[in-house]
Number of protein chains: 2
Amino acid sequence: MHPQEQVIGILGGMGPAATADFYTKLVGRTQARRDQDHPCTVIWSDPTIPDRTQAILGLGEDPTPWMLRGVRHLEDAGATLIAVPCNTAHAFVPALQAKTNVPILHMIEETVELLFAAGIRKVGLLATTGTCRMGLYQGFADARGLQVLVPDSTVQEKVMEGILKIKGGNASSEVGRRLAGAAARLQTQGAQAVIAGCTEIPLALSQEMLRIPLIDPTGVLADAALRQSGFPLQGPGPETGSAVLRM
Amino acid sequence: MHPQEQVIGILGGMGPAATADFYTKLVGRTQARRDQDHPCTVIWSDPTIPDRTQAILGLGEDPTPWMLRGVRHLEDAGATLIAVPCNTAHAFVPALQAKTNVPILHMIEETVELLFAAGIRKVGLLATTGTCRMGLYQGFADARGLQVLVPDSTVQEKVMEGILKIKGGNASSEVGRRLAGAAARLQTQGAQAVIAGCTEIPLALSQEMLRIPLIDPTGVLADAALRQSGFPLQGPGPETGSAVLRM
């Protein structure tokens with residue numbers, strides 16, 4: 001299919017700031033001289049989708065029907081692939097993929113493949129308690145012989161608190177420092193890189209605050225969406241190890 | 001209608017970076033403690049819509065059918081109001097509004113009303129040649145007794161060149177300085193404020209580069225969309241003159 005016939009569908013709102021961040025990265029990563037060089041994109045941003053972590057922990061409603069409503073909307077709009085810029089939501093992606101013929105990119109799988117290609121064998125994970133509990137990264141990492149290190153439960157509670165603060169609009173430097181502290185502890189345990197495994201994390205934690213590479217799955221997903229749709233990327237892609245170290 | 005039943009529709013892609021910027025502002029301006037406090041939003045971002053300025057100058061295809069396709073899509077998705085984060089595209093908004101029952105917010109009218117309420121009587125305009133040529137701001141300003149100053153044709157050519165560079169991904173400091181120079185000339189002619197009258201301009205020109213307030217219609221539109229949908233704004237709204245001076 002010609003790139004101009006592609007429509008990138010974004011199932012968003014989980015949360016909305018992460019959706020805005022993803023779309024900004026998608027636009028920024030496209031090699032374009034003018035508007036018309038960019039892909040058609042349709043975004044369904046439904047922030048009322050029940051909390052994914054709560055559902056995984058058995059404390060809240062199943063978000064699948066809400067997410068499926070979004071998928072149907074993206075199908076109707078002509079989406080030729082779907083990206084879901086939310087790590088925790090990937091727990092529900094297999095169920096959604098079973099109900100649609102439109103391919104859903106798997107952000108977590110893409111990220112693990114990138115780390116593996118870059119020669120990383122031990123990686124730290126900062127993510128929601130839901131993402132950690134579900135072993136979303138661990139599953140794909142195991143298949144590649146990659147070891148995933150997560151914070152102990154006391155630190156994990158602080159990480160989750162930080163994520164909820166960012167969702168509440170408080171991406172303060174104090175939250176960033178707390179996340180950086182958790183990352184530093186993972187580094188002392190041998191992590192060669194850290195995954196910003198919740199789409200809110202890059203809003204408070206930046207590469208400058210860490211001494212090991214910070215991998216942003218949102219950026220990895222943007223690159224994958226463009227590549228799969230046949231749109232050229234701006235500058236060198238993140239396929240190489242050097243690019244991972246650049247991130 | 002209850003805010004939770006509202007769906008903000010965004011007719012975007014003109015250009016895509018401006019759409020991402022608008023959505024980022026919409027999310028950032030919402031007073032929210034958690035994802036579920038944000039409005040449902042659907043974005044149709046079609047960067048293949050023919051260039052608006054070229055059409056106005058009689059040099060290119062009429063974008064109305066493309067824009068109408070987007071409106072239909074937003075209607076199908078349940079949009080309860082539509083925002084168009086592109087100044088020049090507002091030349092085609094009356095034709096679109098005539099064909100849909102969904103109210104389309106008028107960014108230019110909202111901006112002029114804000115300036116008037118803030119006591120501004122003479123305002124500079126940095127915009128595409130299409131926006132200037134169509135008198136998009138002048139029409140609404142005249143009705144309020146507001147005088148709009150535009151650059152002379154030599155400077156306007158430089159402004160248009162700068163806008164096209166930003167669309168091409170080059171929001172460099174050199175482009176910003178060129179725009180700031182054009183704004184300073186309008187100030188010497190008596191402008192009390194300057195409108196960043198093309199959604200790409202705030203990507204290169206910031207308030208710090210000017211000595212008079214820089215009004216960002218994208219932010220004004222985000223506030224209007226939230227207000228009309230019944231969502232509370234973060235901090236003081238831009239309804240007051242002091243807020244204009246704050247911008």
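Residue numbers start from 1 in every chain, and the chains themselves are labelled A, B, ... in the order their sequence lines are given, proteins ahead of strands.
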(request) Could you grab the distance from atom OG1 of B:T19 to atom CD1 of A:I43, nearest 0.5 Å is fine? (result) 8.0 Å
(message) Under a 3.5 Å distance rule, please check whether B:Q36 uses its side chain to pair with a backbone N or O of A:P50 as donor and acceptor.
(response) no
(request) Indicate yes or no: at least one non-hydrogen side-chain atom of A:R33 is less than 4.5 angstrom from one of B:K165. (result) no
(request) With a 4.5 Å cut-off on heavy-atom pairs, point out which of A:G15, A:A20, A:C40, A:P16 contacts chain B the most. (result) A:P16
(request) For residues 48-59 of chain A, pull every pair meeting salt bridge (Lys or Arg N to Asp or Glu O under 4.0 Å), keeping only residues two or more places apart or in separate chains. (result) A:R52-B:D35
(message) A:H38 vs B:K167, test: side-chain contact (heavy atoms from CB on, under 4.5 Å). Steps then yes/no.
(response) CA-CA 11 Å; A:H38 286 268; B:K167 281 185 185 287; over 6 Å; no
(message) Just to verify, which of A:L26, A:V42, A:T41 counts as forming a side-chain contact (heavy atoms from CB on, under 4.5 Å) with B:S45?
(response) A:T41
(message) Using a 4.5 angstrom heavy-atom cutoff, name the option from B:D46, B:V27, B:D37, B:I49 with the most pairs to chain A.
(response) B:V27
(request) Mind checking the OH-OG1 spacing from B:Y23 to A:T24? Nearest 0.5 Å is all I need. (result) 10.5 Å
(request) Inspect the surroundings of CZ in A:R72 and state if more than 12 heavy atoms from other residues, nucleotides or ligands are less than 6.0 Å away. (result) yes
(request) Please look at B:I8 and chain A and tell me whether the side chain, the backbone, both or neither of the residue comes under 4.5 angstrom of a heavy atom of that chain. (result) neither
(message) So for A:A77, is it side chain, backbone, both, or neither that comes closer than 4.5 Å to the heavy atoms of chain B?
(response) both
